[in-house]
Amino acid sequence: MGQSSSAEQVSPEQREAESIAASTGALPNLQKAFSVLSDPQTNSIPIHSLQKCFGFSIDGSTNEESVVPKEFPVLMSNLSSSIVDLFFLSEKGGISWVEFLKGYIKCSGRTVSSASLNSLLRLFGMISVKAGLPEKLQVVSDEDDCKISGFLLPVDVQMLLSMCWIMWWDSNKLKASSSLGDSGLPDVTHLVLSAIDSCAEADKKMDLWETSILDMDIQLPVAKIILWALKTVPSLSDCFGKFVHARLFYVAAHKEKLDQADLFSHDISAKEMSVGHLFNSGRAWAISLTLRGTLSDEISKVCFPSAAEEVDDYLLYRSSLHGKGLNRFWSNIEGYNAPLLILISAHEANNDARRWIIGALIHQGFENHDTFYGTSGSLYSISPVFHVFTPSGKEKNFVYSHLHGTVKYEAHPKPVGLAFGGSSGNERIFVDEDFAKVIVRHHACDKTYHHGPLYPDQGFLPVEASIMDVEVLGLGGKRARDIQSSYKKREELFTEQRRKVDLKTFGNWEDSPEKMMMDMVSDPNRVRREDR
């Protein structure tokens, strides 16, 4: 039943495995899962039972918008058997308690990100071979921290990312308290182009504005892919570990639902979820992979179809809906003291076809300052290529937001608008007060965020682009929105009170100093007798 009796001698191997599992807090649930899946006669898990635990069906046809290759459903049909063969299979044909624990630790245990990525790539390589695709990855050693050599094509990277999305989605679906529908496969083209931009040889770089991933024949070395993932999407490898963890924990808690045919199914033809015009599930997922902890979870919630019922809890401002301009922007985000994500869609004046999306994540609300402020944040190149620029630690000019000052005349007025990175007058991103133009400068002017282009082919000179749309999402949850609502109600009450004039506060006009002054002005020579 997953535990040795008092009469049995516990081996050092079992004691070590149980100790590691207990350190993660997973041991009680693993014991329950082993009891549900194992055969009482052999006290081991049949291979087909564990394969069923990790298996699911892919419904629908490949999505034309995400351009998923036709081999993808076949690829995913081999996921469960590959997980068992690679991490759990024993020579006896059954999986003992110790082997079950060791397999879980390999998949979901605490380890460095590079080792998790190697495990993910090993799994993808085995799945590809089972699906009849050419073998492109080779395992250099069979140790736990094995090294991978070989290469992947852009279409392979797309299928790898789509596989990670489904595993990530599945784990969140099982943990959700309410029923979540399928969101389909998101468009991950921006992530694939990011991998190409970072991993391809210099002489094989392509035009990232007009590319078809399925037609690309560029070999991306797996060593560079690992470096790209560690830098750009460090949480990507967690998708596999969370998937294994969620499936086993679900089996432990819901034994009666294990035989439901539609429990582990995914409809890849379903429509992609979006909140607003710029923020869809593919972009939300990409941003969440750059983060960890509560902030990552808040962004991930936007990917859920059920989040459509709570759009107002996330979308604070959209210029196409609330109107352009800093004043309209401020009236919607004022009082929101929690992390915010700002997305800006723009294009250069002479090239309307090449539109790009950039973003900024700040860890606090906006404040009306004439200097830079902030504690932390990140800049994002979101479309057509995804990149993240984290803080460099050299400066702290994270955000600048300045409305018109109360003083009518200033000898040296501060610029009115929004800015991220750089310095005053030389900002890396600057949005004017009308939200009509955005100026993007080369990273050489910025010591706050790491270097890199915010859109493809960005040159050294500042570029003034026309803004198409601006969106702001609040990532503080319902509590932050409730606090903002209370703040707005309080401000409205104060404004209403200031508009009202209480005549009772004024004294009798005949005895007031104002009337005496008026009388003196009208006839200053009039003789007055002092009242005694």
Side-chain angles (χ1 to χ4, degrees), residues 1-5 7-11 13-18 20-22 24 26-59 73-109 119-120 122-132 142 144 163 166-167 170-171 173-174 240-266:
M1 301 295 290
Q3 302 180 66
S4 58
S5 63
E8 294 177 347
Q9 184 68 28
V10 178
S11 65
E13 184 181 21
Q14 178 178 340
R15 187 180 294 108
E16 180 184 5
E18 290 180 346
I20 296 175
T24 64
L27 185 59
N29 284 292
L30 291 177
Q31 291 170 344
K32 293 179 182 178
F34 185 85
S35 177
V36 171
L37 297 171
S38 63
D39 184 352
Q41 296 181 353
T42 62
N43 198 28
S44 63
I45 302 177
I47 295 175
H48 65 85
S49 295
L50 196 56
Q51 289 178 349
K52 183 179 180 180
C53 174
F54 295 131
F56 53 81
S57 60
I58 299 295
D59 301 328
V74 181
L75 195 82
M76 294 304 299
S77 65
N78 293 282
L79 176 63
S80 60
S81 61
S82 298
I83 292 176
V84 176
D85 292 347
L86 193 58
F87 301 104
F88 289 91
L89 185 60
S90 67
E91 298 179 357
K92 300 177 182 179
I95 302 168
S96 66
W97 167 242
V98 176
E99 291 161 346
F100 176 70
L101 287 178
K102 292 172 68 175
Y104 172 82
I105 294 170
K106 290 178 182 178
C107 299
S108 305
S119 298
L120 179 63
R122 286 179 65 194
L123 176 63
F124 181 76
M126 178 175 286
I127 294 174
S128 301
V129 172
K130 287 188 175 184
D142 292 330
D144 291 340
M163 181 186 77
I166 290 182
M167 291 191 293
D170 186 86
S171 62
K173 181 178 180 180
L174 293 181
F240 172 52
K242 290 180 178 179
F243 168 76
V244 173
H245 176 87
R247 282 296 182 94
L248 293 177
F249 273 47
Y250 191 85
V251 167
H254 303 87
K255 177 182 178 181
E256 69 282 357
K257 296 183 180 181
L258 188 58
D259 294 328
Q260 293 183 9
D262 60 342
L263 178 62
F264 302 136
S265 62
H266 191 92

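Since this is a predicted model, take the numbers as computed values, not measurements.
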Pair Trp97-Glu18, side chain to side chain donor-acceptor pair (under 3.5 Å): steps then yes or no = CA-CA 10 Å; Trp97 167 242; Glu18 290 180 346; 2.9 Å; yes
Met167 side chain reached by Leu120 side chain, heavy atoms, under 4.5 Å = yes
ask   = Of the non-hydrogen atoms in Cys107 and Phe88, which two are nearest, and what is the gap between them?
value = SG-CE1, 4.0 Å
ask   = How long is the span from the CD atom in Gln51 to the CD1 atom in Ile83, to the nearest 0.5 Å?
value = 10.0 Å
key: Non-hydrogen atoms of Leu75 and Ile127 that approach each other most closely   = O-CG2, 2.9 Å
task = Keeping the roles fixed (side chain from Ser38, backbone from Phe34), state whether a donor-acceptor pair exists under 3.5 Å.
result = yes
query = Are the side chains of Ser44 and Ile95 in touch, meaning some heavy atoms are under 4.5 Å apart?
reply = no
ask   = What are the two closest heavy atoms between Pro46 and Leu37, and how far apart are they?
value = CD-O, 3.5 Å
ask   = Once you round to the nearest 0.5 Å, how far does CD1 of Ile105 lie from CD1 of Ile20?
value = 4.5 Å
Sub-4.5 Å side-chain heavy-atom contact between Leu248 and Phe100 = yes
ask   = In Å, rounded to the nearest 0.5 Å, how long is the span from CD1 of Ile166 to CG of Leu79?
value = 9.0 Å
task = Nearest 0.5 Å please: distance from the CZ atom of Arg122 over to the OG atom of Ser82.
result = 11.5 Å
ask   = What do the steps show when you test His245 against Thr24 for side chain to side chain contact (heavy atoms under 4.5 Å, CB included), and what is the final call?
value = CA-CA 11 Å; His245 176 87; Thr24 64; over 6 Å; no
task = Look at the aromatic rings of Phe249 and Tyr104 and report parallel, tilted or perpendicular, splitting at 30° and 60°.
result = parallel
Worked check of side chain to side chain contact (heavy atoms under 4.5 Å, CB included) between Phe124 and Phe240 = CA-CA 11 Å; Phe124 181 76; Phe240 172 52; over 6 Å; no
request  = Apply the test side chain to side chain contact (heavy atoms under 4.5 Å, CB included) to residues Asp39 and Ile45: give CA-CA distance (whole Å), side-chain angles for both, the deciding distance (0.1 Å), then the verdict.
outcome  = CA-CA 6 Å; Asp39 184 352; Ile45 302 177; over 6 Å; no
message = Donor-acceptor check, side chain of Arg247 to backbone of Lys242, threshold 3.5 angstrom: yes or no?
response = no
task = Quick one: pull up CD in Glu99 and CD in Gln14 and give me the separation to the nearest 0.5 Å.
result = 11.5 Å
request  = Please report the C-alpha distance between Ser81 and Lys130 in whole Å, then the side-chain angles of each, then the deciding distance to 0.1 Å, and finally whether the side chain to side chain donor-acceptor pair (under 3.5 Å) criterion is met.
outcome  = CA-CA 9 Å; Ser81 61; Lys130 287 188 175 184; 3.2 Å; yes
query = What is the distance from atom NZ of Lys52 to atom OG of Ser80, rounded to the nearest 0.5 Å?
reply = 11.5 Å
query = Can Asn43 and Ser96 be said to form a side chain to side chain contact (heavy atoms under 4.5 Å, CB included), step by step?
reply = CA-CA 7 Å; Asn43 198 28; Ser96 66; over 6 Å; no
task = Of all the heavy-atom pairs spanning Ser108 and Gly241, show the shortest one and how long it is.
result = OG-O, 2.7 Å
request  = Determine the minimum heavy-atom distance between Ala252 and Lys32, stating which atoms define it.
outcome  = CB-CB, 3.6 Å
ask   = So do Tyr250 and Cys53 actually touch side chain to side chain, heavy atoms under 4.5 Å?
value = no
query = Do Val244 and Phe87 come within less than 4.5 Å of each other through their side chains, counting heavy atoms only?
reply = no
